[in-house]
Amino acid sequence: MRFFAGVVVTVLVGLAIGGFVFATGRYNVAATAPPDFTDKLAPWVLEKSIERGAKSVTDPVSKDPNAVALGLTHYRENCLPCHEVPGVDAAEFHEGMNPSPPDMDAQAVQHQSDAELFWVIKNGIRMTGMPAFGVNHNDDEIRHIVAFVRHVTQLTDAERQALKSGAGEEHHHGAEAGEEAPSRGAGSTAASPSPAASASPHHH
């Protein structure tokens, strides 16, 4: 009984201290703040949340032979300002983001499954600056971005130049072109009925 009472008191004291810190504005939300306990806890919470969300994705792999080229266009317009790729820098402002956006050739990114990449791109990650592209991109367009992310470790000089110069034009998103609007729920699945072989089979 004493042990139980001690646990309750400890929890209440912890909540009281946390409430005092948050209610009085003492918790520093500046992007320049030094790392604290949230920086240690957040990656673990993020990993578990992505793993759970990705279970609802049944078909993250594009069957379009031009998927990488189509994904490059979307990536240049929407992702490159925050996420560097080998040989092409992100926008200057990304240096001030906290948490820092990962480079797409980073091990933490490339070791994610295709379903996990699809889920993150579609649903975004709150309080990180990562938007949910599922609100204005359909599932096929998101698959194209996944294909390009998988390809970034093998970029050609022509692809790097296209990323830098903005060669080519961004095509209309499916919803903007009058097609069926993309589903927005985190638990929604991709439209195609069956998965195809990925360029990176070990990521399934």
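Using a distance-only test at 3.5 Å, with no hydrogens or angles considered, a donor-acceptor pair links the side chain of E141 to the main chain of N138. Distance alone, capped at 3.5 Å, is enough to place a donor-acceptor pair between the R160 side chain and the P86 backbone. Judged by distance alone, the side chain of S165 and the main-chain N or O of Q161 form a donor-acceptor pair under 3.5 Å. Side-chain N or O atoms of N28 include one that pairs as donor or acceptor with a backbone N or O of A30 at under 3.5 Å.
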Take Y75 and H83, measure what side chain to side chain contact (heavy atoms under 4.5 Å, CB included) needs, and give me the verdict at the end.
CA-CA 9 Å; Y75 190 92; H83 299 282; 3.1 Å; yes

Would you please test L117 and I145 for side chain to side chain contact (heavy atoms under 4.5 Å, CB included) and show each step?
CA-CA 9 Å; L117 288 177; I145 299 174; over 6 Å; no

Would D139 and K122 count as a side chain to side chain contact (heavy atoms under 4.5 Å, CB included) here? Give the steps.
CA-CA 8 Å; D139 284 355; K122 181 169 184 173; 2.9 Å; yes

Show the numbers, then the answer: is there a side chain to side chain contact (heavy atoms under 4.5 Å, CB included) between T32 and N98?
CA-CA 7 Å; T32 54; N98 184 5; over 6 Å; no

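Proximity of V149 to Q110: side-chain heavy atoms (C-beta onward) are separated by under 4.5 Å at one or more points. At a threshold of 4.5 Å between non-hydrogen side-chain atoms, the residues F148 and L155 count as touching. In this structure, the side chains of T73 and L70 stay at 4.5 Å or more apart for every pair of heavy atoms. You'll find the side chain of C82 reaches within 4.5 Å of the side chain of F93, heavy atoms only. For the pair L46/I125, a side-chain contact is recorded, criterion being any heavy-atom separation below 4.5 Å from C-beta on. Taking the side chain as every heavy atom from C-beta outward, V146 and P60 never approach each other to under 4.5 Å.
Between S49 atom OG and W119 atom CH2 the span is 4.5 Å, to the nearest 0.5 Å. Note that CG of L72 and CG of L80 are 9.0 Å apart. Values are rounded to the nearest 0.5 Å. Note that CG of N123 and OG of S56 are 7.5 Å apart. Values are rounded to the nearest 0.5 Å.
The two residues P34 and D39 come nearest to each other via the heavy atoms O-OD2, 4.3 Å. Closest heavy-atom contact between M104 and V152: O-CG2, 3.6 Å. Taking all atoms of both residues into account, the shortest heavy-atom contact from N66 to D64 is N-OD1, 2.8 Å. Taking both residues in full, the closest heavy atoms of P81 and R76 are given as CD-O, 4.0 Å, listed atom of the first, atom of the second, then distance. Nearest approach of V68 to A147, heavy atoms of both residues: CG2-O, 4.0 Å. Taking both residues in full, the closest heavy atoms of A108 and Q112 are given as O-CG, 3.4 Å, listed atom of the first, atom of the second, then distance.
Taken together through direct or relayed side-chain contacts under 4.5 Å among Ile, Leu, Val, Met, Phe, Trp and Tyr, V29 and F37 form part of one hydrophobic cluster.
A salt bridge is defined here as a Lys NZ or Arg NE, NH1 or NH2 lying under 4.0 Å from an Asp or Glu carboxylate O, and R143 with D114 fails to meet this definition.
Taking the six-membered ring where the residue is Trp, H74 and H137 present perpendicular rings, their angle passing 60° and hence far from 30°.
The number of heavy-atom neighbours closer than 6.0 Å to CZ of R52, taken from other residues, nucleotides and ligands shown, is 12 or below.
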